[in-house]
Structure formats: structure tokens, C-alpha cells
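Everything below concerns the one structure shown next.
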Amino acid sequence: DQQVKQNSPSLSVQEGRISILNCDYTNSMFDYFLWYKKYPAEGPTFLISISSIKDKNEDGRFTVFLNKSAKHLSLHIVPSQPGDSAVYFCAASSFNGNQFYFGTGTSLTVIP
Amino acid sequence: DGGITQSPKYLFRKEGQNVTLSCEQNLNHDAMYWYRQDPGQGLRLIYYSQIVNDFQKGDIAEGYSVSREKKESFPLTVTSAQKNPTAFYLCASRSGSVSSYNEQFFGPGTRLTVL
């Protein structure tokens, strides 16, 4: 059973606009959430994370929002750039957990 | 340069053969992980290890084996018992104790194709 879900397999956005990628989770024990970016035939690279004591974390153009009551997080990229075109995975873990659980990914295309 | 290396980048094997994928890290991380990625799917955990000489099965361990004799190395063997071994394999490592908020760092991956 998929504990972390990304229901949008793909997203297209014009350059300069906002990209919003969504992620839902089912396990209420998760308290640490991460976003990774992945290019084809490469390993994922870490983008940004958030712990459950916060509801927002910013790093440059990237902001992650966490809604614990809805078990939902989102990644906002503003402004979007063509180099942001990649697959984005969200992942979740618990403080004492050994594993990270990954979503199925959203393929973002930023159109110049 | 600190990082995780996986070799080879591309690997071909004949059906029925065992093959070992290499993963080395010089980040001094305690924990190491193996995932596989299939088209349209997320990363699924095969095995992980928190310390040397100890490892745990992940969600899809059947047909795979690992060893952790050194902190830096966590090789994965894909055995002939793995029914669908063609996939992209990713190794990752993570610092700190189990009870900590630290991200995983990934290697570049190995594409295994069974002919």
C-alpha cells in the first residue's frame, strides 16, 4: 500500500510562472518530509525538507508547505526555469524510523 | 570529493546469472540503502543497513542479497531468483543516528538489463 502518493504524473508550466507539486501521505507517524529532484539516468538530488514542527520552509526559489491535518505537502517553485524540468519525488520518514517512503514522482516540464 | 559512487553505470547480464552492483561512499555515513526504480514508479526499498555487519530487508528484498563488511561499502547482489531484475538501481547513504532529521544522498545509479 502506497503510503506516499503523488497523484499528478506530469505538470507543464510556462517559464517564470509558479510550479506547484503536490504530495499526500497516509501514515500519521511521518514527521519528516523531503523533496528530491531527478534527471533521467541519474540519482535523485536533495532539494528541501520540512519537519512536522513547521508548516513552511523556504530555500531560494523553493518553498515546501506542510498541512498536517490534511496529510498533505506541496512544493512551490517560483519563478520556474527550464532547468527545473525533471522528475520530483516527495519522501517521508518518522523521527525514529529506518526507512524513507517515496512517492511515484511528478514529471515537471518548464516551457521556455 | 565526498560522495557516493556506483559502478558500473550500465550492466548487462544473461538470464539465470547472479550479478553484483557496487556502492561506495566516502561521506562517513552510517546508514546505506538500496532502491530500485521502474518506469512510472517511485523508489522502492530493497535493503538497508544502519551499521556495519547489520542489514534489514526492505519492501522488495526477495531475489536480492547484500553485505556490509565495511562502513564505506554496501554491495547488492541480484540473484537468479529475482524474477524481474531489469531496472535502475540506486544506492543511498545517510548520516547520523536513526533518530535524526537527515536527508539521504544518492549515487548516480546502475541500469541493469537482463538479456
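Note: hydrogens, waters and symmetry copies are ignored here, and every other heavy atom, side chains too, is used. Chain letters run A, B, ... following the sequence lines, proteins first and then strands; every chain starts at 1.
With contacts defined as side-chain heavy-atom distances shorter than 4.5 Å, the pair A/F102/B/Q41 does not qualify. Side-chain contact between B/R94 and A/F100 is present, with heavy atoms from C-beta onward closer than 4.5 Å. Contact of the A/V87 side chain with the B/Q37 side chain is not registered, since no non-hydrogen atoms from C-beta on lie closer than 4.5 Å.
Note that CZ of B/F106 is 13.5 Å distant from CD of A/E42, once rounded to the nearest 0.5 Å. Distance OG1/A/T104 to CG/B/D38: 12.5 Å, rounded to 0.5 Å.
Contacts of A/P44 with chain B are made by both backbone and side-chain atoms, with heavy-atom separations under 4.5 Å. Of the two parts of A/S49, neither the backbone nor the side chain holds a non-hydrogen atom closer than 4.5 Å to a non-hydrogen atom of chain B. For B/Q104, the parts lying under 4.5 angstrom from a heavy atom of chain A are both the backbone and the side chain. If you measure heavy-atom distances from B/L90 to chain A, the contacts under 4.5 Å come from the side chain alone.
By the 6.0 Å contact criterion, CZ on A/R17 is open, its count of non-hydrogen atoms from other residues, nucleotides or ligands being 12 or less. Heavy-atom neighbours of B/K9 NZ from other residues, nucleotides or ligands within 6.0 Å: above the threshold of 12.
Grouping the Ile, Leu, Val, Met, Phe, Trp and Tyr side chains by contacts below 4.5 angstrom, directly or via other members, places A/V110 with A/W35. Using a 4.5 Å cut-off between side-chain heavy atoms of Ile, Leu, Val, Met, Phe, Trp and Tyr, with links allowed through other members, B/Y64 and B/F88 fall into different hydrophobic clusters. Hydrophobic clustering (ILVMFWY, side-chain heavy atoms < 4.5 Å, transitive): A/F46 and B/Y35 are in one cluster. Linking ILVMFWY residues whenever their side-chain heavy atoms come closer than 4.5 Å, directly or via other members, leaves B/F74 and B/Y33 in distinct clusters. In this structure, A/V13 is a member of the same hydrophobic cluster as A/Y88, with clusters built from ILVMFWY side-chain heavy atoms closer than 4.5 Å.
Nearest heavy-atom pair, A/Y32 versus B/N102, reported as atom, atom and distance to 0.1 Å: OH-C, 3.6 Å.
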